[in-house]
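This report refers to the structure that appears directly beneath it.
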Amino acid sequence: MLQAEIRTLQHKLLEMAGLAEQMLRQAIESVLARDEALARVVIGTDDTIDQFENEIESLCIQLIALHQPVAFELRFLTMVMKISHNIERLADKSVAIAKRSIELLAYPPIKPFVDLPHAAQVIQTMVKDVMDAFVNRNAELALEIRERDSEVDEIYERMLHELLTILSEHPKLIQPGISLLLLFRHLERVGDLAANISEEVYYLVKGDVIRHSGTDL
């Protein structure tokens, strides 16, 4: 009985993650294509993600209370709650990117989006792969995804430096520049959240905590 309910719970979590991935993809596309309608679709989807998180948390608490699981099952239920929370935060960042996208429409583009598509690709792949690691209980993949966050940080620093150089030379661009700086920061935070989920997946599979650890296990 518990195993069947766990499968149902996992399906719901994957459905939530799929929707969050879609929001991220649409938010980034709204920036690159300067598409306000698409940005507003992302913003309008946020309530559905919140509902998913509430339902998943409620179901996890109910299963713990009814079945008093131990070992892997208990770890699974507690990790699902943490993962769903990180997915909800990821969706919030996608909404924030969409809002910055709308703000930028009031101004002409201030720089070519050279690194943005690459950063987006790396981060979207992280999000997809970390959920694959969860489904397949793949601790090695989870650990590898965690390490990819350093690449995201490097791209973020490069974009930040380039943009700050442009703003120092063209002070009139400060307002759209602030929106773009915030957009970059939101995107970098998505990478952090994917890394957070990878840590939860590793704990789920191995039972070892790697959060705050600077070394591989």
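Taking OH from Tyr202 and CG from Asp208, the interatomic distance works out to 5.5 Å, rounded to the nearest 0.5 Å. Between the CG atom of Leu2 and the CG atom of Leu66 there is a distance of 9.5 Å, given to the nearest 0.5 Å. With values rounded to the nearest 0.5 angstrom, Leu187 atom CG is found 5.0 Å from Ile97 atom CD1.
If you chain together hydrophobic residues whose side chains sit under 4.5 Å apart, Leu193 and Leu14 fall into the same group. Taken together through direct or relayed side-chain contacts under 4.5 Å among Ile, Leu, Val, Met, Phe, Trp and Tyr, Val135 and Met126 form part of one hydrophobic cluster. Put simply, Ile43 and Ile87 are part of the same group of oily side chains (I, L, V, M, F, W, Y) that touch within less than 4.5 Å, one to the next. In this structure, Leu182 is a member of the same hydrophobic cluster as Val95, with clusters built from ILVMFWY side-chain heavy atoms closer than 4.5 Å.
Remark: Arg148 engages Glu144 in a salt bridge, criterion side-chain N to carboxylate O under 4.0 Å. Between Glu15 and Lys12 there is no salt bridge, since none of the side-chain N atoms of the basic residue sits less than 4.0 Å from a carboxylate O of the acidic one. At a threshold of 4.0 Å, the pair Arg25-Glu29 does not count as salt-bridged, since none of the basic side-chain nitrogens sits closer than that to a carboxylate oxygen. Salt bridge status for Asp92 with Arg89: absent, with no side-chain N to carboxylate O gap under 4.0 Å.
In this structure, the side chains of Leu63 and Pro69 stay at 4.5 Å or more apart for every pair of heavy atoms. By the 4.5 Å heavy-atom criterion applied to side chains, Glu199 and Lys82 are not counted as neighbours. Looking at Asp50 and Asp47, their side chains come closer than 4.5 Å, going by heavy atoms from C-beta outward.
Heavy atoms only, all atoms of each residue included: Met131 and Ile197 are closest at SD-CG2, 4.5 Å. Across all non-hydrogen atoms, the minimal contact from Ala98 to Ala27 is N-CB, 4.2 Å. Here the closest heavy-atom approach between residue Leu38 and residue Asp35 is recorded as N-OD1, 3.0 Å.
No more than 12 heavy atoms of other residues, nucleotides or ligands sit less than 6.0 Å from atom CD of Gln121.
A donor-acceptor contact shorter than 3.5 Å is absent between the side chain of Arg146 and the backbone of Ala195. Within the 3.5 Å criterion, the main-chain N or O of Val80 finds a donor-acceptor partner in the side chain of Ser84. No donor-acceptor pair under 3.5 Å is formed between the side chain of Ser58 and the backbone N or O of Asn54.
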side-chain contact (heavy atoms from CB on, under 4.5 Å) between Leu9 and Leu77: does it pass, once the steps are laid out? CA-CA 9 Å; Leu9 181 62; Leu77 293 172; 3.5 Å; yes
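Both tests pass for Arg137 against the ring of Phe134: distance under 6.0 Å to the centre and angle within 45° of the axis.
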